[in-house]
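Model, not experiment: these values are computed from the prediction. Letters A, B, ... are given to chains in the order of the sequence lines, protein chains preceding strands, and every chain is numbered from 1.
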Amino acid sequence: MSSTPPSSPLDKLGAVSQSELLPEVLTLLESQFSGKVLSVCVNLGDWEASVAKGSVPEIMRFLRDDKRTDFKMLADLSAVDGLKMGLVPRFYVVYHLYSIKLKHRLRVKTNVSEEDPAVPSLVDVWPIANWFEREVWDMFGIRFTGHPDLKRILMYEGFQGHPLRKDYPVNYRQPLIGPRN
Amino acid sequence: MAFGNSGLPSFLTTKLDAAIGWARKYSIFQYPFVTACCGMEYMATACSHYDVDRFGAGLPRFSPRQADVLFVVGTVSHKIAPVLRRIYDQMCDPKWVVAFGVCTCTGGFYDNYATVMGIDTILPVDVYIPGCPPRPETVLDGLIKLQEKIQHQRQEIA
Ligand code: SF4
């Protein structure tokens, strides 16, 4: 590890977590929410923070409203099923934030277990989270507590299971009409 | 039989069939059921460079009740499949179906939970136009094949 910080985070491959190399947003986040922010790092040039599930709305609200972070835009919200990667807990939900004014991005992750697949909803923080959360529910079966209308968005009513879970059988079809499997 | 063995009735119906077939094949009103990327190629075929109007298929109708050829253009998912079937059922006879692009022919590369593996699992298909997407020449070739089929089939008059 060199003592001088790299000129661009992209110069550095692999995760960096020494505090002197971290951008202000991450150090700010860590000092503001110690105990709730589990880890921060710069991974392949991207800022990344891992947070506790229960404090997601609180942290997100701060990230949106604080002048130094100013993440006014939730660019994406998705999930990862780590079944085949042996992740424990099995899922994590990923939030991609973007600041239109300051032009920086942040990825926030939170772990979700298979037994209790529920995360607090962010619809109150960013209204766009409504559809994103419905998609994650549809594809991964992760519930979002406090969501006003958590129903499937891509698959149809009556579809059994959640197709992007790694244990969904790859050949399994559920046609509404036409030949069964 | 009033005509006895003269062969006149079959002569007449054959000529009538040919005449009706000729009329039908040059007045194709299509219903474009466009769901995905193939739609761009459908538009390219319909525009002046390739000009399907030369084949009498220039007027798409956006009501199934006014159409006689259902062009299924693009990926068909299980969610949209009942809609497609319903549109087919709403069309009046005589009617034909063209599967446009490999997605509609076989499902293409989408071998997954969402996609219908070929629309012939839910509808009878007359002409398959392969390609991802098919070039306009291929589409015109398919259209000519459909016209041949219309010309040579028995013409039902309801
Ligand atoms: S055949 Fe290819 S171009 Fe046509 S709808 Fe399917 S993927 Fe798109």
Side-chain angles (χ1 to χ4, degrees), chain A residues 76-85 87 90-94 112 114 117 128 130-144 147-181, chain B residues 31 33-39 64-65 67 70-91 93 95-130:
Chain A
D76 198 6
L77 191 174
S78 65
V80 175
D81 180 358
L83 182 71
K84 300 266 164 79
M85 297 187 281
L87 280 194
R90 179 172 160 186
F91 301 98
Y92 56 90
V93 173
V94 195
V112 183
E114 189 175 0
I128 185 64
N130 189 322
W131 282 20
F132 284 153
E133 288 175 355
R134 280 175 62 189
E135 187 190 357
V136 170
W137 156 249
D138 195 358
M139 293 291 138
F140 291 94
I142 295 173
R143 276 178 286 110
F144 289 86
H147 190 287
D149 184 23
L150 192 64
K151 61 181 187 197
R152 290 185 182 278
I153 188 168
L154 295 171
M155 305 315 290
Y156 29 91
E157 291 300 317
F159 190 89
Q160 304 281 320
H162 302 280
L164 289 195
R165 283 195 174 198
K166 294 297 172 202
D167 49 6
Y168 185 90
V170 73
N171 295 321
Y172 186 50
R173 305 282 186 275
Q174 303 180 39
L176 290 173
I177 59 169
R180 303 259 146 198
N181 242 357
Chain B
Y31 180 97
F33 187 88
V34 178
T35 51
C37 16
C38 268
R65 299 185 197 281
L70 176 60
F71 267 73
V72 186
V73 183
T75 325
V76 174
S77 64
H78 287 301
K79 195 174 179 180
I80 202 79
V83 178
L84 176 61
R85 176 75 217 189
R86 191 180 156 99
I87 283 173
Y88 175 77
D89 289 341
Q90 284 175 334
M91 289 169 63
D93 279 325
K95 57 187 172 187
W96 298 272
V97 178
V98 174
F100 187 120
V102 77
C103 279
T104 52
C105 296
T106 64
F109 45 81
Y110 297 112
D111 186 3
N112 63 18
Y113 59 91
T115 310
V116 174
M117 298 280 95
I119 57 161
D120 50 6
T121 57
I122 51 176
L123 306 173
V125 175
D126 294 280
V127 174
Y128 296 85
I129 303 176

Short of 3.5 Å, which donor-acceptor contacts do chain B and chain A share? List atoms and distances.
unit_1	atom_1	unit_2	atom_2	d
B/Lys79	NZ	A/Leu154	O	3.0
B/Asp111	OD1	A/Arg173	NH2	2.3
B/Asn112	O	A/Arg173	NE	3.0

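- Not counting sequence neighbours, B/Pro130 has no partner by the side-chain contact (heavy atoms from CB on, under 4.5 Å) test.
- Contacts of B/Phe71 classified as ring pair (Phe, Tyr, Trp, His ring centres under 6.0 Å), with partners at least two apart in sequence or in another chain: B/Tyr42.
- With rounding to the nearest 0.5 angstrom, the CG atom of B/Leu84 is 7.5 Å from the CD1 atom of A/Ile177.
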